Asks: 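Could you have a look at this structure, given as structure tokens, before my questions?
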Amino acid sequence: MTVLPRIQDFAAELTAIFQDFHTHPELGFEETRTAGIVADKLRGFGVDEVHEGIGGTGVVGLIKGKGGGNRRVGLRADMDALPIVEASGLPYASQEAGRMHACGHDGHTTMLLGAARYLAETRDFDGTVVLIFQPAEEGLGGARRMIAEGLFERFPCDEIYGMHNDPNAEPGKVTVTPGPAMAGASFFDITVRGTGSHAAMPHQSKDPIVIGTALVQQLQSVVSRNTPPTKPVVISVTTFNAGAAYNVVPDTAVITGTIRYFHDEVAGMAHDRIRALCAGLGAAYGVEIGVDLRNVFDVLMNDPELSAAYIAAAADVVGPDKAILTEDQMTGSEDFADMLKVVPGAYCRVGHAGSVPLHNPAFVLDTGILPVGASVYARLVETRLAPTG
């Protein structure tokens, strides 16, 4: 592995920045402290332009290369944390109650800052680098808000790239999946409005718990009996809330969850089947079942040519044996997909030491990945905006 020497020189500073972000996590659209530090760091690195407040708490920086040129490459990192109580035991664990960087966005932000510092110092490229620090990736639509507020009109890009850490992969291994790489996702809220009663007289109720549990079981048939096995879809019920007392049958139950998919027609079918199941059970039990289904993430589509370019640049850092184009798809979702719908580009995963998965209270990001990710970003710019004179 060959981390760029200049980035290795300030690797310890990157670790300190990361640890500070990790200690002070902020939820989506609340990243005011994080965004302020990002903007201050960019200005201190000598980035040519720094713009704040895009998409709420988003930050955009511009670095111009030595040779001028009109091509523009975007690099994006997410900044938000999750509503999780940390259980990592780290000396720099979260000091914010009920909030944790359990997905490594603190690392992504740090890696892009490392690339920004290097690129602002060296400027060994033609054209402009657009640094995008995005808020609210975790299901709150941060990318969509930045785009709606004119991100690419104000800061046009010819191509754009993102990155995510992967604690389940070989350390230092960089992978890109050309084409559909990560699942699209819809979230659903289902409300069963029954009739409550005394728990000793349930025959006087229309029990929303009984109805809701039947519905949860029926939802599994959407995958097992309605979708072709060659077009994967995942439906997960993630919360079921009803009642507050031992001796009361409640009048309402609320069920929530997600649908993950790689084909829009499969998502449409799943939406239709969920609505039909709710209507049918509502009629069968004589209750009202309300359904709110909404798209939250699109399918992440990596441009095949730019995927290969990404891997070629990563090979200069991690070696050709660890920079790999793969066919593996991820059923997780990522709102960088929204940016890729506007600008062609690619999204990679970078492996690091660790066995605890993402979104787990004990997740730990290996700080050794920080100079690796920063180097991959920097090398990507140097290859995609290589001087032609």
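Both backbone and side-chain heavy atoms feed into the values below; hydrogens, waters and symmetry mates do not. Everything numeric here is computed off the predicted structure, so don't read it as measured data.
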Asks: With side chains defined as the heavy atoms from C-beta onward, is the minimum distance between Val38 and Phe21 less than 4.5 Å?
Replies: yes

Asks: Before accepting this row, confirm whether a basic side-chain N of the pair Arg123/Asp48 lies closer than 4.0 Å to the acidic partner's carboxylate O.
Replies: yes

Asks: Salt bridge or not for Asp126 and Lys66, using N-O below 4.0 Å?
Replies: no

Asks: With side chains defined as the heavy atoms from C-beta onward, is the minimum distance between Thr128 and Ile63 less than 4.5 Å?
Replies: no

Asks: Nearest 0.5 Å please: distance from the CD1 atom of Ile259 over to the CG atom of Leu293.
Replies: 5.5 Å

Asks: Go through Tyr161 and Tyr310 one step at a time and tell me if the ring-ring contact (aromatic ring centres under 6.0 Å, His included) criterion holds.
Replies: CA-CA 8 Å; Tyr161 300 90; Tyr310 208 164; 5.1 Å; yes

Asks: Quick check: closest heavy atoms across Thr57 and Met79, and the distance to 0.1 Å?
Replies: O-CE, 3.4 Å

Asks: Scan Leu380, Leu325, Thr326 and name whichever one has a side-chain contact (heavy atoms from CB on, under 4.5 Å) with Ile311.
Replies: Leu325

Asks: Atom CZ of Phe152 and atom CD1 of Ile147: how far apart are they, to the nearest 0.5 Å?
Replies: 5.5 Å

Asks: Can you name the closest pair of heavy atoms from Pro250 and Pro208 and give their distance?
Replies: O-CD, 3.0 Å

Asks: We want to know whether Glu86 and Ser94 form a side-chain donor-acceptor pair, criterion being a heavy-atom distance below 3.5 angstrom.
Replies: no

Asks: Which is it for Thr177 and Glu327 under the side chain to side chain contact (heavy atoms under 4.5 Å, CB included) test, yes or no, and what are the steps along the way?
Replies: CA-CA 5 Å; Thr177 302; Glu327 295 181 356; 5.6 Å; no

Asks: What pairs with Arg294 under salt bridge (charged side-chain N to carboxylate O under 4.0 Å, His left out), at least two apart in sequence or on another chain?
Replies: Asp189, Asp292

Asks: Do His108 and Asn165 get their side chains close enough for a donor-acceptor pair, meaning under 3.5 Å?
Replies: yes

Asks: Salt bridge check: are Glu149 and Arg144 linked by an N-O gap of less than 4.0 Å?
Replies: no

Asks: Are Met100 and Val85 close enough, and set up right, to give a side chain to side chain contact (heavy atoms under 4.5 Å, CB included), and what steps lead you there?
Replies: CA-CA 6 Å; Met100 177 192 175; Val85 177; over 6 Å; no

Asks: If you look at every heavy atom in Ser186 and His271, which pair is closest and at what distance?
Replies: OG-NE2, 2.8 Å

Asks: Where do Phe240 and Ile209 come nearest, in terms of heavy atoms and distance?
Replies: CZ-O, 4.0 Å

Asks: For the residue pair Arg76 and Phe133, would you count it as a cation-pi contact if the rule is NZ or CZ under 6.0 angstrom from the ring centre and within 45 degrees of the ring axis?
Replies: no

Asks: Before you tell me yes or no, could you show the steps for Asp20 and Arg33 under salt bridge (Lys or Arg N to Asp or Glu O under 4.0 Å), namely the whole-Å CA-CA distance, both residues' side-chain angles and the distance that decides it to 0.1 Å?
Replies: CA-CA 11 Å; Asp20 178 67; Arg33 180 183 186 275; 2.9 Å; yes

Asks: Mind listing the closest non-hydrogen atom pair of Lys206 and Tyr285 along with its distance?
Replies: CD-O, 3.9 Å

Asks: Using a 6.0 Å cut-off, check whether atom CD of Glu265 has over 12 heavy atoms from anything other than its own residue.
Replies: yes

Asks: Regarding Asp335 and Gln134, is there a side-chain donor-to-acceptor distance under 3.5 Å anywhere?
Replies: yes

Asks: Side chains of Ile274 and Ile190: closer than 4.5 Å at any heavy-atom pair?
Replies: yes

Asks: Taking the basic N atoms (NZ, or NE/NH1/NH2) and the acidic carboxylate oxygens, is any pair closer than 4.0 Å for Asp338 and Arg145?
Replies: no

Asks: Only pairs under 3.5 Å count here: list side-chain donor-acceptor contacts from residues 354-365, not counting sequence neighbours, and write none if there are none.
Replies:
| residue | atom | partner | partner atom | Å |
| --- | --- | --- | --- | --- |
| His359 | NE2 | Glu138 | OE2 | 3.4 |
| Asn360 | OD1 | Ala362 | N | 2.8 |

Asks: Could you label the plane-to-plane angle of the His22 and His101 rings as parallel, tilted or perpendicular, counting under 30° as parallel and over 60° as perpendicular?
Replies: tilted

Asks: Check whether any side-chain heavy atom of Cys348 lies under 4.5 Å from a side-chain heavy atom of Thr175, and answer yes or no.
Replies: no

Asks: Would a 4.5 Å heavy-atom cut-off, applied to side chains only, mark Tyr261 and Pro232 as touching?
Replies: no

Asks: With the threshold set at 4.0 Å, does a side-chain nitrogen-carboxylate oxygen contact exist between Glu26 and Arg99?
Replies: no

Asks: If you take all heavy atoms of Ala120 and Phe45, which pair is closest and at what distance?
Replies: CB-O, 3.4 Å

Asks: Does any part of the side chain of Asn302, heavy atoms only, come nearer than 4.5 Å to the side chain of Val176, both counted from C-beta?
Replies: yes

Asks: Would you call Met111 and Val376 a side-chain contact if the rule is heavy atoms closer than 4.5 Å?
Replies: no

Asks: Just so I know, are the side chains of Val59 and His51 near enough to count as touching, which here means a heavy-atom distance under 4.5 Å?
Replies: no

Asks: State whether Glu159 and Arg72 are salt-bridged, where the test is any N-O pair (Lys NZ or Arg NE/NH1/NH2 against Asp/Glu carboxylate O) under 4.0 Å.
Replies: no

Asks: Tell me whether the count of non-hydrogen atoms from other residues, nucleotides or ligands lying under 6.0 Å of CD in Glu121 goes above 12.
Replies: yes

Asks: Could you tell me whether Glu13 and Lys41 make a salt bridge, using a distance below 4.0 angstrom between a side-chain N and a carboxylate O?
Replies: no

Asks: Would His164 and Phe336 count as a close aromatic pair, with their ring centres under 6.0 Å?
Replies: no

Asks: Is it true that the side chains of Thr239 and Thr256 contain a donor and an acceptor less than 3.5 Å apart?
Replies: yes

Asks: For Ser197 and Val249, indicate whether the former's side chain and the latter's backbone hold a donor-acceptor pair under 3.5 Å.
Replies: no

